[in-house]
Amino acid sequence: MTETPTHDAARYDFHAIEERWLPVWEERQPFRSGRPDDDRPTKYVLDMFPYPSGDLHMGHAEAYALGDVIARHWVQKGFNVLHPIGWDSFGLPAENAAIKRGVDPAGWTEDNIAQQVSSMKRYACSFDWDRVLMTHRPDYYRWNQWIFTRMFERGLAYRKHSNVNWCPKDQTVLANEQVVGGLCERCDTPVTKKKLNQWYFKVTEYADELLDGLETLRGSWPDKVIAMQRNWIGRSSGADVAFEIEGRDEPITIYTTRPDTLHGATFMVVAADSDLAAELAEGADEATQAEFATYVEKVKGENEIDRLATDREKTGVFLQRYGINPVNGERLPIWASDYVLADYGHGAIMAVPAHDQRDLDFARAMDLPVRVVLDCTDENGQAYGDPAETGIAAAGDGTLVNSGSLNGMAKAEAIAAITEELSAAGTGDAATNYRLRDWLISRQRYWGTPIPIVHCEACGEVPVPDDQLPVQLPAAEGLDLKPKGQSPLAAATDWVNTTCPSCGGAALRDTDTMDTFVDSSWYFLRYLDPAKADGPFDVLDAKRWAPVDQYVGGVTHAILHLLYSRFFTKALRDMGMLDFDEPFSALLNQGMVQMDGSAMSKSRGNLVRLSEQLDEFGVDAVRLTMAFAGPPEDDIDWADVSPAGSAKFLARAWRLARDVESEPGVDPATGDQALRAVTHRTLHDSQELVEGFKFNVVVARTMELVNATRKVIDSGAGASDPAVREAAEVVSILLSLFAPYAAEDMWAMLGHEDVALATYPAVEESLLVEETVTCIVQVKGKVRGRLEVPPGISEDELRELALASDGAKRAIGDAGIRTVIVRAPKLVNIVTA
RNA sequence: GCCCCGGUAGCCCAACUGGCAGAGGCACGCGGCUCAAACCCGCGGUGUUGUGGGUUCGAAUCCCACCCGGGGUACCA
């Protein structure tokens, strides 16, 4: 034993207990995961890794408290648990801090990490400290570059011109998730669009699998996250239809989910900011061209706030061009408008105002004709009025009219029929579309992974050969990191100017860095061997540990991070490096910690400082409060919970161990049977409660056990009863999931060491069997009496007992008995006539 | 607007998935300990289970409609 705690301490002193055990754990490292010769079954429990954002806050405290419960539980259950931690250490926080203070982001980052490590250790996180990784280190981001190169070779990484989110103030591209309500998350400037040549990962290649794979996660992932991913991918099915264009050689293909309404098309619309619109406008008269140019200017200048406004007036320009409806030969005027998106489908639509609300709004604004082709009713069976009059598009189901060969068909039937007709005629085909776009990974920033591409005039885009990786970031010193529309790396001329790996001629490095979501897309694989020098991870390690059995983190990452990790997993699988399809077998989203009903923030003045809570109530009480507050996925309002109450309970539990008078190893069989029954019932139930994430209930049940034990010590058999020792040991083991310091101290007072590694005690089934059960006797559903019966009583016996009972007889009176429902042994319901 | 999730005691929350509405905690009150208090110990729990209907012998639980709260999403043809 490293150190013997002072067992004669009369009072629970959490400060002293923390100081006593922290150095002991530091030396013993109880959570080093097993090395290759460890043959216990494995569990991989993973907390989403943090940004190195200074000290821990209440949100971290909740997340790590909950992840710890799970990891510690599996250790006690005899599993070889991998529970690692690392830092998502590239990205905005460090870069902003570096700009603000004029320091090197690397130094700032590593200082913060050091501070967080010591905070996490104090917080008693059960991490394996041998496996720490930091994504800003070259030995990590080297493998981002390596994977990027593999993606590039397979056509999964490519460069294209596209309209991207642009913050005019910060002069930088923004990821979708950095645009909050149309504003830049950093400076609240309205975001605009800008056309840039950027790198993308082809996530859409896996759209179907990413969608269908969600079904395999049902039950193990929160329904909410599955729904969000489903919506984000947004698969829709319909048809592509080719419309001949007057004065143009090529037809225009449109995508529609409602080919059944083809006869109701009265005009066409192309996205105002698309190349197609510009080309069509060129063929028009000068006045139209001018009008179009003005309109496009206006659209491009619009920010996201304007675009997101509800009840927005429809606007557009008639291009003086016409398309031909392939089913009836009608001439359809072609308009350009911003309500059609350039990067969805083909950037062009057929407009059916009678049956599409957006088209109807446009038709009414521009005074275009409306033709009903589906005689239909809404969900409540109400007939629609004339859409042109009511302004409400008839979006329901019904019978086709005014539609030639489709007349009389129902919607679904008509969709199938027309798709076949178009296909036979060569003017269309069934088609699928997705809301999901490819992932823009270029960032005009310094603090990220350099994109390992060299641009050569002769050879084009040439990946840096594997043996020249990593492409290291140039030193920050001397570079201006302020956003200015171009990556700061462009100014590092010595770095930018290089030779082409292919032809040896002069060439330039790509100056953008990768989105930090690249780092987090595969980090769970790097933990398997964070120092591995000849590959990102070992295939055999992956077979042994991965996928992650239990992932724990905030719902903030419900879409992007989880989607990207899923994409990486599938891509790496197709490269032959993984043999599974999904990275995270189970997911637990913890809620947020709030104060007085809203998110904590300095400006709101409701910030609760973790360090102050820890000083006042202790690590254990804070952790316990997090677990006890309610279901993990619910938000916690710190004003509603009581760390003081938790501390009080811990003191009460701790005193049990202090009071125990029997020796270690004493046989509990001779002890108080009623207490033993509570102990083993608690032990039995706690396992499934923990595994079902009902941590708050486990704590409540542990409180019951503490209360029952206290009672036996004070007014029953007394502190020397062996059952009291057994109960105190079980309390210590269960409590170690939530309050490791108190539990360790108790465990030591009880004569043991390393409660974290204590084996979960076997449940004695015989103690779970109750001698009698209370049976409820109801008459017409109302409780009229109770019977104490043996649990194995037969239905017939119980029926007789119930009918003979006083309460039942009284309630029945002279009424006849219609039927008797017996649910032995707990309930009898007598139904009278 | 659409899609999720939730609504149980003053508050945070349980309730084996259809079977006595109450496990645990907070707060509050009373009693014990104390010269007194804190700590500690003990005792104290009926409320339209958000509302209205339905299914059932029986509904917090299942179904329908609505109300309230939270979250996601937003012209995706």
Side-chain angles (χ1 to χ4, degrees), chain A residues 11-12 181-182 222-232 234-236 238 254-259 261 269 271 307-312 314 337-341 343-352 355-359 361-362 380 433-437 555 558-559 591-592 597 624-625 628-631 633-646 648-649 651-652 655 685 688-689 694 696-707 710-711 714-715 774-786 818-823 826-832:
Chain A
R11 281 176 55 89
Y12 170 75
D223 288 345
K224 182 180 171 180
V225 175
I226 290 177
M228 285 166 73
Q229 293 226 351
R230 171 169 289 280
N231 292 337
W232 189 262
R235 180 164 66 194
S236 79
I254 60 97
Y255 170 72
T256 178
T257 54
R258 295 295 304 277
T261 62
V269 187
R307 242 181 52 75
L308 291 174
T310 46
D311 304 338
R312 200 161 157 256
K314 289 278 187 287
S337 173
D338 64 351
Y339 89 90
V340 170
L341 306 176
D343 58 351
Y344 183 79
H346 305 280
I349 63 159
M350 69 169 187
V352 185
H355 303 292
D356 182 285
Q357 191 60 50
R358 298 153 300 184
D359 296 345
D361 293 343
F362 192 82
N380 303 323
N433 261 300
Y434 305 88
R435 285 182 41 141
L436 180 70
R437 307 294 203 275
V555 73
I559 298 175
M592 292 183 304
L624 188 74
T625 302
F628 186 53
E633 57 275 13
D634 287 7
D635 290 341
I636 298 172
D637 194 320
W638 204 249
D640 290 337
V641 297
S642 172
S646 297
K648 191 171 129 186
F649 162 69
R652 190 170 154 83
R655 287 195 302 269
D685 293 352
E688 37 190 271
L689 288 169
K694 299 187 168 198
N696 53 328
V697 185
V698 181
V699 175
R701 299 298 298 278
T702 308
M703 287 171 169
E704 279 184 86
L705 178 55
V706 168
N707 292 343
R710 185 79 253 159
K711 201 163 253 174
D714 288 350
S715 53
T774 304
C775 175
I776 306 304
V777 180
Q778 297 181 336
V779 177
K780 290 186 92 171
K782 291 207 171 100
V783 182
R784 298 299 186 189
R786 292 180 171 74
R818 179 142 39 117
T819 175
V820 180
I821 289 133
V822 184
R823 292 281 177 275
K826 303 196 75 171
L827 180 129
V828 177
N829 188 10
I830 299 160
V831 186
T832 53

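Only a predicted model underlies this, so the values are computations on that prediction, with no experimental measurement involved. Lettering of chains follows the sequences in order, A, B, ..., and the numbering in each one begins at 1.
- Of the candidate nucleotides B:rC20, B:rC16, B:rG24, B:rC20 has the atom nearest to the side chain of A:Arg786.
- Atoms CZ and CH2, from A:Arg435 and A:Trp232 in turn, are 6.5 Å apart once rounded to the nearest 0.5 Å.
- Only the C1' atoms considered, B:rA60 is 16 Å distant from B:rU56, to the nearest whole Å.
- Each of B:rA77, B:rG42, B:rG25 was ranked by its minimum atom distance to the side chain of A:Met703; first place goes to B:rG25.
- Side chain of A:Arg823, nearest nucleotide from B:rC13, B:rC57, B:rC75: B:rC57.
- As judged by a 4.0 angstrom heavy-atom cut-off over every strand, A:Arg784 is placed among residues making no nucleic acid contact.
- Side-chain proximity of A:Ile559 to B:rC40, B:rU73, B:rA23: nearest is B:rU73.
- Nearer the 5' end of RNA chain B, as judged by each residue's closest nucleotide, is the contact made by A:Gly630, out of A:Gly630 and A:Val699.
- Under 4.0 angstrom from either OP1 or OP2 of B:rA77 there lies at least one side-chain N or O belonging to A:Ser236.
- B:rC12 sits 25 Å from B:rC20 when the C1' atoms are compared, rounded to a whole Å.
- Residue A:Pro631 is in sugar-phosphate contact alone, with no base atom involved, counting any heavy-atom pair closer than 4.0 Å across all strands shown.
- Base orientation of B:rU17: syn (glycosidic angle within 90° of 0).
- Checking A:Val831, A:Asn829, A:Ile830 one by one against A:Gln778, the side-chain contact (heavy atoms from CB on, under 4.5 Å) holds for a single residue, A:Asn829.
- Nucleic acid contact class of A:Ala227 (heavy atoms, under 4.0 Å, all strands): none.
- With P as the reference atom, B:rC3 and B:rA65 are 11 Å apart, rounded to whole Å.
- To the nearest angstrom, C1' of B:rC26 lies 9 Å from NZ of A:Lys648.
- For A:Lys224, no side-chain nitrogen or oxygen approaches OP1 or OP2 of B:rG70 to under 4.0 Å.
- At distances below 3.5 Å, at least one donor-acceptor pair connects side-chain atoms of A:Asp635 with backbone N or O atoms of A:Met592.
- Salt-bridge annotation for A:Arg701 and A:Asp685: present, with a side-chain N of the basic residue lying under 4.0 Å from a carboxylate O of the acidic one.
- Residue side chain A:Lys314 reaches the base of B:rC75 through a donor-acceptor N/O pair under 3.5 Å, judged by distance alone.
- You'll find that the side chain of A:Arg11 is closest to B:rC39, out of B:rC39, B:rU73, B:rA77.
- Contact annotation: A:Tyr344 side-chain N/O to B:rA77 OP1/OP2 distance is under 4.0 Å.
- Between A:Asn231 and B:rG72, a side-chain N or O to OP1/OP2 separation shorter than 4.0 Å is absent.
- Nucleotides B:rC11 and B:rG54 place their P atoms 30 Å apart, quoted to the nearest Å.
- When the side-chain nitrogen and oxygen atoms of A:Lys694 are compared with OP1 and OP2 of B:rA15, one or more of them lie within a distance under 4.0 Å.
- Of the listed nucleotides (B:rC16, B:rA77, B:rG42), B:rG42 has the atom at the smallest distance from the side chain of A:Arg710.
- Between A:Val697 and A:Gln778, it is A:Val697 whose nearest contact on RNA chain B lies nearer the 5' terminus.
- Rounding to the nearest 0.5 angstrom, the gap separating the NZ atom in A:Lys826 from the OG1 atom in A:Thr774 is 9.0 Å.
- Here A:Arg230 does not reach the OP1 or OP2 of B:rC2: none of its side-chain N or O atoms lies under 4.0 Å away.
- Comparing B:rA27 with B:rG18, their P atoms are spaced 36 Å from each other, to the whole Å.
- Residue contacts shown for A:Thr819 are absent, as no nucleic acid heavy atom lies under 4.0 Å away.
- Atom P of B:rA9 sits at a distance of 14 Å from the matching atom of B:rG22, rounded to the whole Å.
- Pair assignment for B:rC2: B:rG72, on the basis of Watson-Crick or G-U wobble contacts that are both within less than 3.5 Å.
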Can you list the steps and then say if A:Arg258 with A:Val352 is a side chain to side chain contact (heavy atoms under 4.5 Å, CB included)? CA-CA 9 Å; A:Arg258 295 295 304 277; A:Val352 185; over 6 Å; no
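- A cation-pi contact, defined as under 6.0 Å to the ring centre and within 45° of the axis, links A:Lys314 to A:Tyr339.
- A:Lys711 places its NZ atom 17 Å from the P atom of B:rC40, with the value rounded to the nearest Å.
- For B:rC39, there is no paired base (Watson-Crick or G-U wobble, both distances below 3.5 Å).
- Note: CG (A:Asp634) to P (B:rC12) measures 11 Å, nearest angstrom.
- Atom CD of A:Gln357 is separated from atom P of B:rA77 by 15 Å (rounded to the nearest Å).
- For A:Arg437, the CZ atom sits in a packed shell: over 12 heavy atoms of surrounding residues, nucleotides or ligands are nearer than 6.0 Å.
- Taking the C1' atom of each, B:rC57 and B:rU51 are spaced 26 Å apart, rounded to whole Å.
- Computed from coordinates, the A:Phe628 CZ to B:rA14 P distance equals 10 Å when rounded to whole Å.
- Of the candidates B:rA23, B:rC57, B:rC43, the closest approach to any side-chain atom of A:Asn829 belongs to B:rC57.
- Residue-level contact check: A:Val269 touches neither bases nor backbone, having no heavy atom under 4.0 Å from any strand.
- Nucleotides B:rG45 and B:rA21 place their C1' atoms 12 Å apart, quoted to the nearest Å.
- For A:Asn707, a side-chain nitrogen or oxygen approaches OP1 or OP2 of B:rG25 to under 4.0 Å.
- Distances were taken from every side-chain heavy atom of A:Asp640 (C-beta onward) to each of B:rC12, B:rA23, B:rA14; the shortest belongs to B:rC12.
- For A:Val641, counting side-chain heavy atoms from C-beta on, the closest listed nucleotide (B:rC57, B:rG42, B:rC12) is B:rC12.
- Looking at A:Arg652 and A:Asn707, their side chains do bring a donor and an acceptor atom within 3.5 Å of each other.
- If you check B:rC13, B:rC20, B:rA77 against the side chain of A:Val783, the one that comes closest is B:rC20.
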